[in-house]
Structures are given as C-alpha cells and as structure tokens.
There are 2 protein chains.
Amino acid sequence: MNSTKESIVNIADDLIRRRGYNAFSYNDISKVLAVKNAAIHYHFPTKSDLGVAVIDLHIQKIDHFIKGVAPLSEPEKVEAFLNIYEQIQINKKVCLVGTLATDWDTIDDKIQQKLIVFVNIVGDWLTGVMEEGLKKGSLTFNGDPQTRAMLIITSIMAAAQMAKIMGPASFQSVKNAIINEVNRQ
Amino acid sequence: MNSTKESIVNIADDLIRRRGYNAFSYNDISKVLAVKNAAIHYHFPTKSDLGVAVIDLHIQKIDHFIKGVAPLSEPEKVEAFLNIYEQIQINKKVCLVGTLATDWDTIDDKIQQKLIVFVNIVGDWLTGVMEEGLKKGSLTFNGDPQTRAMLIITSIMAAAQMAKIMGPASFQSVKNAIINEVNRQ
DNA sequence: GTCTATATTCCGATAGAC
DNA sequence: GTCTATCGGAATATAGAC
C-alpha cells in the first residue's frame, strides 16, 4: 500500500471520529493532503469503500494491541484497554463504534458488516480476559464474563462521548469506576 | 404553539435519533408532513433553531418524567429511567445525547449549550436518586452517587447504540447488569 | 402560515488529459 | 497517480406572491 492511500485512510479516520461519517467530505481530505478530490476517488471509488478501509485500519490496530498486551496480567489488560479510550478522549475524538452506531441507518451495508466484525473482535477478546481473570482470581466482578465485557465497552465508549459535552473529569470518574468494579474485595 | 410547529419538532427528533443530525434535511421533514421546506424555515429559520427546539422538547419530557416518578422508590426510579432507553432501543433509535455528542464539533454553539443543560438535568436527578437510595439503604453500590449516576447513564446510552450493531440481546444484558450493580448484597 | 421560485453552495462521482 | 473540468443532485436558505 502506498503512502498516499494510507494517509487518506488516516485522515478519514480522524474526520469520522471528530465530525461524524456524514459530516466529512472528500474535499475535507483534499484540503489536508495536497491532493484533489478526484485523486481520492482513484484510491477509494466510493465513500463507502473509504469507510470500510477505515474500519479495516482499526481491525489491524486492535489485532496489534491484542498481541502486544498478551504477556500482561488481566487487570493490566483491562487498564490498557481503557487507556485507548483515554487517548481518544484527550484527543477530543470519540470511538469509531459509537459514531458509526449513531449513523447506522445511513451507512452502507458493507460498512455495517465490517463494523460487526470489528465489534466481535473487541468483544471476544475482552470476554476472554474476563474469563481468564475470573478463573485465576485476578479479577472479581458480578455477572458473567460476556456481560461484564459488554458493560465495560459500553461504559467507556459513552464516557468518551460524554466528555465532549461535560469535559474530561466525567471521563476519568467513569474510567476509575470501571476499574474498581472489576477489583472488588 | 400550533400543531404544525409541534409536528416539525417531533419529526426532526425522530430523524436526528434515527439518522443523525447531519444526515437529515428540511426536505426529509417536508416529505413526512404535507408541507414544503420553505414552510419549515418559517417556523425555524435555521437548522440550529430546530436543533435547539428538539432538545427543549426533551427537557420538557424529562421534567415530566421526573415529576411522574417522584412517588416511586429509588430502585423503581432507576428501572423507570432504564425503561426509557429500552423503548428507544425497541424503536431502533439511539438517545439524543449520544448522537449529538458524536457530531459535537459540527453543531452550533446554541445546540451545544442547550445539550449541556439537558445532560445536567438528567445527571443531577439521577445523582439525587442515588444519594437518596444510599441514605435509605434501598440501593447499594460502589463509589459516590455522582459517579454511579454517570456510570448508569453512559452504560445505558451506549447499550442502545450497541444494539444497532449487535442486536437487542446485548442491550438487555447491559440493562440487567446495571440493575444488579445497584442492588448488591 | 404556506406557497413558488430561486440563489448559493457543497456534495459524491466521472471523463479524459497528462 | 494526479490533474482539470464538469455533471447531476441535494443541501440550507431567502425573496416575494398569495
């Protein structure tokens, strides 16, 4: 993959998570790159193609993350996962899943299907971490591992959204609460 | 307020929570009502004016909700609050706060300010319920009331978003987990 | 209060030159 | 691989008649 194509995907990712899928245009990208909007259509014929590529980028990144944290303990894995969202919040973005979920009825079927794949990767991994933590006793929590994983994902993703409205403090309190909730005595 | 104006706000509310703020147009509303887009501009000169009116409608509704549940116990209040989101999920919408948060950087300052007011009303009310429940012993939970309130709001709002991607079952498991978390033995 | 008509701008996308 | 030029359509918004 050449550098221009990669740059387009990265800028699109940034724009989608700052402004939403329906509020960014090929022109916005061509303003950032020194490239005309026709050049972007060469790499991604339709906006849906670009949307799918952005999710593919996130799948790559989460795969890399999962491999990277493999040696860590379960509590450390949870914290590392929450730190991804902390970075999102600090950069004043929201997570890809939330912003595409709120635009769900307007996005192409190909984007929808790819997003389902991405959410399953994240959900399955975190469910596995919860199962392992429960077995080893390194994590303590109420309910089954899958529900706890979903509860963590929903809380932290909405916390990043809430921070856009209420500021960073609201994010931090939710993040700390999530950690406390899986380390109960 | 006349009936046409009310209808416009109700349809806009529906469209915003189904398709997102930037994906609905005055034309979409005029298709549903038997009215031309110029007629909508008469009632709401700009799209931002309409956006503010939609949040005002939600402020009215939550005020009415708060008054209605006043006689109930704290656990019943929490459940009634979660049931609002269950209805949102069943109707395949998302909540107003989440969808406007993900479009935050693209919405007018007047809409942003009004949304802050709305979130504070909801947050203050639920914090009060948590405080009261803690004092009476009708609710049991970890952490301070304000954090718990924020945790409930973020979890349930993202659960409605997640249901768009993963289906209704994921919503129900999160809803039940939230209830269990404030009724721990 | 609602209409027709229109201005202006921007969008996603394509054709064809280089 | 990127360009110029342009198409067809849709968006927000306004002017002025009824």
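Chain A is the first sequence line, chain B the second, and so forth, proteins listed ahead of strands; every chain is numbered from 1. All heavy atoms count here, side chains included; hydrogens, waters and symmetry mates do not.
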Extract all donor-acceptor atom pairs below 3.5 Å that involve side chains of residues 120-128 of chain A and protein atoms in other chains or at least two apart in sequence.
unit_1	atom_1	unit_2	atom_2	d
A:Asn120	ND2	A:Ile116	O	3.2
A:Thr127	OG1	A:Gly123	O	2.7

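Taking atom CD1 of residue A:Ile40 and atom C1' of nucleotide C:dA13, one finds them 12 Å apart after rounding to whole Å. For the pair A:Lys36 NZ and C:dC18 P, the interatomic distance rounds to 18 Å; values are reported in whole Å. Distance, B:Ile29 CD1 to C:dT2 C1': 16 Å, rounded to whole Å.
Sorted by first and then second residue, the salt bridge (charged side-chain N to carboxylate O under 4.0 Å, His left out) pairs with a member in residues 57-77 of chain A read A:Glu74-A:Lys136; sequence neighbours excluded. Residues in residues 159-178 of chain A take part in no ring-ring contact (aromatic ring centres under 6.0 Å, His included) pair, two or more places apart or across chains. For the ring-ring contact (aromatic ring centres under 6.0 Å, His included) condition, no pair includes a residue of residues 138-164 of chain B, sequence neighbours left out. The stretch residues 78-94 of chain B participates, sequence neighbours left out, in these salt bridge (charged side-chain N to carboxylate O under 4.0 Å, His left out) pairs: B:Asp14-B:Lys93, B:Glu86-B:Lys175. Within the structure, the salt bridge (charged side-chain N to carboxylate O under 4.0 Å, His left out) test picks out the following pairs touching residues 42-51 of chain A (sequence neighbours left out): A:Asp49-A:Lys110.
You'll find that the side chain of B:His43 is closest to C:dT2, out of C:dT4, D:dT2, C:dT2.
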If you write DNA chain D from 5' to 3' in dot-bracket form, with Watson-Crick or G-U pairs under 3.5 Å, [ ] for crossing pairs and | for pairs with another strand, what do you get? ||||||||||||||||||
All N/O pairs under 3.5 Å across the protein-nucleotides 11-14 of chain D interface:
unit_1	atom_1	unit_2	atom_2	d
D:dA11	OP1	B:Ser25	OG	3.4
D:dT12	OP1	B:Phe24	O	3.3
D:dT12	OP1	B:Lys47	NZ	3.1
D:dT12	OP2	B:Tyr26	N	3.2
D:dA13	OP2	B:Lys47	N	2.9
D:dA13	N7	B:His41	NE2	3.2

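The NE2 atom of A:His58 lies 8.5 Å from the CG atom of A:Leu100; values are rounded to the nearest 0.5 Å.
OP1 or OP2 of C:dT2 has at least one side-chain nitrogen or oxygen of B:Thr4 nearer than 4.0 Å.
Here B:Asp28 pairs with B:Lys31 under the salt bridge (Lys or Arg N to Asp or Glu O under 4.0 Å) rule; sequence neighbours left out.
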